[in-house]
Amino acid sequence: MMPRPAFPVGPLWMIGCGNMGGAMLRRWLDAGLDPATVTVVTRSGAGVPDGIRSLRAPPVDERAATLVLAVKPQQLDAVAPMLASIRPRLLVSVLAGVEEPALAGRIPAGAVVRAMPNLPVAIGRGVTALFSSSADAGVRDAATALAAPLGLAEWIADEGMFDAVTALAGCGPGFVFRFADALAAAGTSLGLPQDQARRLALATLAGSAEMALTADEAPATLADRVASLGGSTREGLNVLDRDDALVDLLRRTLAASARRNAEMAAAAR
Ligand SMILES: NC(=O)C1=CN([C@@H]2O[C@H](COP(=O)(O)OP(=O)(O)OC[C@H]3O[C@@H](n4cnc5c(N)ncnc54)[C@H](OP(=O)(O)O)[C@@H]3O)[C@@H](O)[C@H]2O)C=CC1
Ligand SMILES: O=C(O)[C@@H]1CCC=N1
């Protein structure tokens, strides 16, 4: 296995440390990020890992090399003024929707990278999509080094694709968790005890995803291997496949999320 790239050198400040910022920071610390280099700024101090400097405003007489922005898009204008004079080498924003020019216009930085992580980054099995208009290898290496311990990291060439990537991978765990509950509930409706249905549903999802990830065949081929001719899986698949029911449902699901990302982008322009 290739060694992971080293974390960017210098102080790392994280603005906002809730569900996503907290998940990323905990994973970075587990992966060897030096806690002494980290400062977190929030209003309440809630959610900051033990042993990490937690402040209510950025320290005035210090500089960050890397600034990670992890507040909600609607909170950008509340935090931007206090970040305007920091001028970090690298600004990494995980804000859904908010585009690079909107970030660069509010928070001057050597370079801006948009990152779209998802919640399984907490266990190093997430997805992080990255975009930057900068072609600077140092910038890209630094962002890749931050994303690598979080799971799969993929650069997106066209920022116009970022809302779609956000809908699929950023929001995706929400849809998968909902699917897991639905699968379990369907088992319960056939008479299984609730806790057992949940265990079976989660283990089935985990095993199937792991198998599909490592298989040479496409998921459709794997599905056909489960569906014996004249058997019960085919009967179930017929329900999902009739009129493209599942595909249509997910198309509408992702389209709704992508639309909301575009709205948040427009609001920040
Ligand atoms: N949750 C997810 O799965 C994903 C989220 N994202 C993105 O991550 C970002 C954060 O989302 P999420 O973690 O879910 O949201 P949370 O509400 O959980 O976290 C927001 C954080 O911002 C802090 N905050 C809010 N206002 C201020 C302020 N004025 N000054 C300093 N800190 C502030 C909050 O702390 P306090 O209230 O104490 O100030 C909190 O730590 C969003 O932009 C979202 O688009 C991206 C991918 C996935
Ligand atoms: O729901 C949201 O807006 C964020 C973006 C991706 C996941 N959560």
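Model, not experiment: these values are computed from the prediction. In this chain, numbering begins with 1 at the start of the sequence shown. All ligand and atom numbering here is 1-based and tracks the order in the structure.
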S.K.: Just need the protein heavy atom nearest to atom 3 (O) of ligand 2, so name the residue and atom and give the distance.
M.R.: M264 CE, 4.0 Å
S.K.: If the condition is side-chain contact (heavy atoms from CB on, under 4.5 Å), which residues does F177 pass it with, not counting sequence neighbours?
M.R.: P173
S.K.: Under a 4.0 Å heavy-atom cut-off, what residues line ligand 1?
M.R.: G16, C17, G18, N19, M20, V41, T42, R43, S44, A70, V71, K72, P73, Q75, V79, M82, V94, L95, A96, M116, P117
S.K.: For ligand 2, which atoms have a heavy atom of A96 less than 4.0 angstrom away?
M.R.: 5 (C)
S.K.: Considering only heavy atoms of G170, which atoms of ligand 2 have at least one such atom less than 4.0 Å away?
M.R.: 6 (C), 7 (C)
S.K.: Please check if a non-hydrogen protein atom sits closer than 4.0 Å to atom 7 (C) of ligand 2.
M.R.: yes
S.K.: Taking atom types as modelled and ignoring hydrogens, do the side chains of E100 and S133 form a donor-acceptor contact shorter than 3.5 angstrom?
M.R.: yes
S.K.: Taking all non-hydrogen atoms of both residues into account, name the closest pair between L95 and P73 and its distance.
M.R.: CD2-CA, 3.7 Å
S.K.: Compare every heavy atom of C17 with every heavy atom of V48, then report the nearest pair and how far apart it is.
M.R.: CA-SG, 4.3 Å
S.K.: What's the shortest heavy-atom distance between M20 and P117, and which atoms?
M.R.: SD-CG, 3.5 Å
S.K.: Among all protein heavy atoms, pick the one closest to atom 1 (O) of ligand 2 and tell me residue, atom and distance.
M.R.: C171 SG, 4.9 Å
S.K.: Could you tell me whether R140 and D136 make a salt bridge, using a distance below 4.0 angstrom between a side-chain N and a carboxylate O?
M.R.: no
S.K.: Should side-chain heavy atoms under 4.5 Å link Ile, Leu, Val, Met, Phe, Trp and Tyr, which residues sit in the same cluster as L152?
M.R.: V127
S.K.: Please collect all salt bridge (Lys or Arg N to Asp or Glu O under 4.0 Å) contacts where either partner lies in residues 254-269, sequence neighbours excluded, each pair once.
M.R.: E99-R269, R260-E263
